Amino acid sequence: FPSHDRTHEITNLVYTIPDEIEYSMHSDCAIADPFGPTGARSLLSTLEPLLSPYENRRFKVICIDLDNTLWGGEIGELELNEIELGGMTPRGRGYKMVQQALLKLKNSGILLAVVSKNDRDVVNHVLKTHPEMVLCEEDFVNIYADWGPKSESIANLSKELGIHISDFLYLDDSAQEIAEVRYRFPEISVLEFSGNPMILLERLLCEQRLRYQNITEEDGSRTAFYRSNSNRNVAIENSPSCEPIHKILEVRVSVADVGSECSRVLQLLNKTNQFNAVSVRYTDHDLQKLQIMSDSSIYAFRARENIVTGK
């Protein structure tokens, strides 16, 4: 929990427990569980959204190997129809379900990036032409497909996105590649699954730092936003001074009452200190209380530019 005192708020959570969650003397005596299995699940579902502002922050980037991670087999050695993906085999269906789960995470605001030892042309061909492919090239913020160390690709991706490695999750079936990446970046998180797509799927669904709620419009378009950064950087590099930069980008700022942007404002306040200098985490209830206080006003500022919006 934050360092400031919010004990009274946690105490108030007791009054939100549903009436159907009752004390079980039998369960308490038998297995030291005062609520029993059913009550514990109900209690967790009640408290989880209330405690979410205090949880570890979500991963921002998932770096994904391709062979035996997004599909079965090595594309450099197989024909397109020999790749395990979809179809009627358990492994093929498993890989397709992994891609479906990753697509949902991408639409919730997490960036996907390919980090693979393959030829880029071969990778593009599979992504574009395989009939069972769920993910496409546009779903990835970048595709690193070459024969260099994967840790180097991850380092370049971190620099390109401006996101720290500690916010990365790495998926790879190779213990050797995982060891190489971990040696350079001990702070990176890894999901190990030994090439079994169903184990990978289960761990993706259970990973605490991949959970999401209150998805906003910006979350769904985050990949496109980051992909457009390269165009912005080119414009800035080719501009001799600050004034032309703003003219080239056509930056426009609008101000609105927080009411229409409540979900996005709450998300920004809790996900990063860039918009929360005092590191106080807020709940939806906190924001509602601030809105109705007579001595406070909350406004949302939105910036747009032609390179990002395409206007």
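Please read these numbers as outputs of a predicted model, since none were measured by experiment.
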Run the side chain to side chain contact (heavy atoms under 4.5 Å, CB included) check on L66 and W71 step by step: do they pass?
CA-CA 7 Å; L66 295 178; W71 52 68; 3.6 Å; yes
Quick one: do R222 and D219 satisfy side chain to side chain contact (heavy atoms under 4.5 Å, CB included)? Show the steps, please.
CA-CA 5 Å; R222 183 162 292 125; D219 291 329; 3.0 Å; yes
Yes or no on side chain to side chain contact (heavy atoms under 4.5 Å, CB included) for N118 and V126, after CA distance, side-chain angles and deciding distance?
CA-CA 11 Å; N118 268 304; V126 174; over 6 Å; no
Test side chain to side chain contact (heavy atoms under 4.5 Å, CB included) on M198 and L201 and set out the steps.
CA-CA 5 Å; M198 296 314 297; L201 178 63; 3.9 Å; yes
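Of the residues I143, V181, D146, the one that meets the side chain to side chain contact (heavy atoms under 4.5 Å, CB included) test with S153 is D146. Considering E192, E187, E177 as possible partners of R182, the one that fulfils the salt bridge (Lys or Arg N to Asp or Glu O under 4.0 Å) test is E192.
Taking NZ of K150 as the reference point, atom CD of Q176 lies at 10.0 Å (rounded to 0.5 Å). Between the CZ atom of F185 and the CZ atom of F168 there is a distance of 8.5 Å, given to the nearest 0.5 Å. Of the inter-residue distances, the one linking N124 atom CG with C136 atom SG reads 11.5 Å to the nearest 0.5 angstrom. The CD atom of Q100 lies 12.0 Å from the CZ atom of R93; values are rounded to the nearest 0.5 Å. Interatomic distance, I165 CD1 to S151 OG, rounded to the nearest 0.5 Å: 9.5 Å. Here the CG atom belonging to D173 is positioned 13.0 Å from the CG atom belonging to L191, to the nearest 0.5 angstrom.
The nearest pair of heavy atoms linking V141 to Y226 is CG2-CB, 3.5 Å. Here the closest heavy-atom approach between residue G94 and residue P197 is recorded as C-CB, 3.7 Å. Between M133 and L135, the shortest heavy-atom distance links the atoms CG-O, 2.9 Å. Across S108 and R58, no two heavy atoms sit closer than the pair OG-NH2, 3.0 Å. The shortest heavy-atom contact between L204 and L210 is O-CD1, 3.6 Å. Counting all heavy atoms, side chain and backbone alike, I163 lies closest to L111 at CD1-CD1, 4.0 Å.
Between E152 and R184 there is a salt bridge, since a side-chain N of the basic residue sits under 4.0 Å from a carboxylate O of the acidic one.
Shown here is E79, whose CD atom has no more than 12 heavy atoms of other residues, nucleotides or ligands within 6.0 Å.
In this structure, L80 is not a member of the same hydrophobic cluster as L78, with clusters built from ILVMFWY side-chain heavy atoms closer than 4.5 Å. When hydrophobic clusters are built by joining Ile, Leu, Val, Met, Phe, Trp and Tyr residues whose side-chain heavy atoms come closer than 4.5 Å, directly or via intermediates, Y183 is not grouped with I188.
The shortest side-chain heavy-atom distance between F59 and D167 does not fall under the 4.5 Å cut-off. Within the 4.5 Å cutoff, no side-chain heavy atoms of I154 are placed close to those of Y144. Looking at L112 and T223, their side chains never come closer than 4.5 Å, going by heavy atoms from C-beta outward. Inter-residue side-chain proximity for S194 and I199 is flagged as unmet; no heavy-atom pair is nearer than 4.5 Å.
No side-chain donor-acceptor contact under 3.5 Å links N107 to the backbone of K104. Formation of a donor-acceptor pair under 3.5 Å by the D67 side chain with backbone atoms of I75 is found in this model. Judged purely by atom type and a 3.5 angstrom limit, D172 uses its side chain to pair as donor or acceptor with the backbone of S174. Side-chain atoms of T89 come within 3.5 Å of backbone atoms of G92 as a donor-acceptor pair (strictly under, hydrogens ignored). At least one donor-acceptor pair under 3.5 Å links the side chain of Q99 to the backbone N or O of V134.
For the residue pair Y95 and R91, a side-chain donor N or O sits within less than 3.5 Å of a side-chain acceptor on the partner.
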